[in-house]
Undergrad: 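Structure provided below as structure tokens; questions to follow.
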Amino acid sequence: MSSSLPTTSTTADSTTARAGALCGALAGLLIALPALVEIFTGETSATSVPLALSPAFALPLLTALHRRQSPATGRFGDVAHTVNLIGLGLFGGAAYAGNLVLFFFDEDVLDETLTGPTVPVLIGSAAVFAVGCALFGAALLRARVFPRVPSWGYAVVLPLFAFLTSLPESLLTSSLHILVGVILIWLSVALLHTDEPERKGSPGRRAVSGGAGF
């Protein structure tokens with residue numbers, strides 16, 4: 001019976017990777033495509049809906065990326081994943097509220113709503129998300145399991161995105177959304193073309209020879 005355990009574990013990891021990659025690609029598309037439309041139309045209710053839902057689909061991607069590279073990142077990777085997971089949950093809730101609730105409020109109602117602890121909590125959520133992305137991006141770079149360009153993007157662009165996305169709608173914010181979407185899609189595709197690194201003290205290696213083309 002014990003001989004079947006590695007096969008079962010490998011199958012589960014493969015299923016998690018495929019599900020995470022699919023969800024991550026969908027999250028990237030739900031961020032990038034509405035932002036591309038908003039460059040020409042401005043923010044609308046139709047573009048706000050997919051932007052509100054996109055963080056939820058990024059959660060499986062984050063878990064799948066962590067599981068794939070965890071042998072190479074050790075305890076640091078576990079901490080980075082945990083902080084990023086909490087931050088993504090908080091930031092995703094703020095994005096959901098902003099795009100599906102606050103978006104439809106009049107300015108007067110909005111001013112009355114954003115009182116008390118609301119704004120500090122929203123800023124705190126963005127801060128935790130930014131720190132989590134920076135840590136997990138560092139884990140991606142340390143593991144060297146996934147392509148370095150989107151790994152650097154995760155470590156640098158996503159923390160900026162956490163704060164700049166609250167600025168008024170502009171070409172800068174739309175371009176930043178598109179860039180984040182591309183990073184998520186890139187990592188999702190790479191997830192399907194890499195194998196789990198061996199458990200060693202040194203950083204992991206890329207398992208597919210053609211993967212360096214990303």
Undergrad: Decide whether V83 and F76 are clustered together by the hydrophobic rule: side chain heavy atoms of Ile, Leu, Val, Met, Phe, Trp, Tyr closer than 4.5 Å, transitively.
TA: yes
Undergrad: For I185 and L29, run side chain to side chain contact (heavy atoms under 4.5 Å, CB included): C-alpha distance rounded to whole Å, both residues' side-chain angles, the deciding distance at 0.1 Å, then the answer.
TA: CA-CA 8 Å; I185 294 171; L29 289 173; 3.9 Å; yes
Undergrad: I'd like to know if the side chain of T47 reaches the main chain of T44, judged simply by a donor and an acceptor atom lying under 3.5 Å from each other, with no hydrogens or angles considered.
TA: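 Yes; judged by distance alone, with no hydrogens or angles, the pair exists.
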Undergrad: Indicate, with yes or no, if L85 and L158 share a hydrophobic cluster defined by side-chain heavy-atom contacts under 4.5 Å among Ile, Leu, Val, Met, Phe, Trp and Tyr.
TA: yes
Undergrad: Considering non-hydrogen atoms only, spot the tightest contact between F91 and S125 and give its length.
TA: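 Smallest interatomic distance, heavy atoms only, reads N-CB, 4.4 Å.
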Undergrad: Side chains of P55 and Y96, heavy atoms from C-beta outward: is any pair under 4.5 Å?
TA: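 With C-beta onward as the side chain, the pair stays apart.
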Undergrad: Is it true that V37 and L179 fall in one hydrophobic cluster, defined by side-chain heavy atoms closer than 4.5 Å?
TA: no
Undergrad: How close do R68 and F146 get, heavy atom to heavy atom, and via which atoms?
TA: CG-CZ, 3.7 Å
Undergrad: Evaluate R18 against S14 for side chain to side chain donor-acceptor pair (under 3.5 Å), listing each step before the verdict.
TA: CA-CA 6 Å; R18 287 196 298 269; S14 178; 2.7 Å; yes
Undergrad: List the atom of L191, the atom of T194, and the distance in Å for their closest heavy-atom pair.
TA: O-OG1, 3.7 Å
Undergrad: For the CG atom of L33 and the CD atom of E38, what is their distance to the nearest 0.5 Å?
TA: 11.5 Å
Undergrad: For residues T63 and H81, determine if any side-chain heavy atom of one lies less than 4.5 Å from a side-chain heavy atom of the other.
TA: yes
Undergrad: Taking all non-hydrogen atoms of both residues, which atom of A32 and which atom of I178 are closest, and how far apart?
TA: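 Shortest heavy-atom separation between A32 and I178 comes out as O-CG1, 3.7 Å.
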Undergrad: How close do A134 and P159 get, counting heavy atoms only, and between which atoms?
TA: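 Reported closest heavy-atom pair: N-CG, 3.9 Å.
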Undergrad: Does one hydrophobic cluster hold both L160 and V180, with members joined at side-chain heavy-atom distances below 4.5 Å?
TA: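 Hydrophobic grouping puts L160 with V180.
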Undergrad: Rounded to the nearest 0.5 Å, what separates atom CG in L187 from atom CG in L61?
TA: 6.5 Å
Undergrad: If I take atom CH2 from residue W152 and atom CD1 from residue I183, how far apart are they, to the nearest 0.5 angstrom?
TA: 13.0 Å
Undergrad: Starting at CD1 of I31, measure out to CG of L176 and round the result to the nearest 0.5 Å.
TA: 10.0 Å
Undergrad: Do the side chain of S54 and the main chain of L51 share a donor and acceptor less than 3.5 angstrom apart?
TA: yes
Undergrad: Evaluate N84 against H66 for side chain to side chain donor-acceptor pair (under 3.5 Å), listing each step before the verdict.
TA: CA-CA 11 Å; N84 200 183; H66 172 63; over 6 Å; no
Undergrad: Show the nearest heavy-atom pair for residues P50 and P34, with the distance to one decimal.
TA: CG-CG, 3.5 Å
Undergrad: Please report the interatomic distance CZ(F136) to CG(L141), rounded to the nearest 0.5 Å.
TA: 11.0 Å
Undergrad: For the pair S45 and S48, evaluate side chain to side chain donor-acceptor pair (under 3.5 Å) and give the outcome as yes or no after the intermediate values.
TA: CA-CA 5 Å; S45 57; S48 293; over 6 Å; no
Undergrad: Within this structure, what is the CG-CG distance for the pair L26 and L184, rounded to the nearest 0.5 Å?
TA: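 Taking CG in L26 and CG in L184, the distance rounds to 11.0 Å.
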Undergrad: Starting from L135, can I reach Y154 by hopping between I/L/V/M/F/W/Y residues whose side chains sit under 4.5 Å apart?
TA: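 Not linked; separate clusters.
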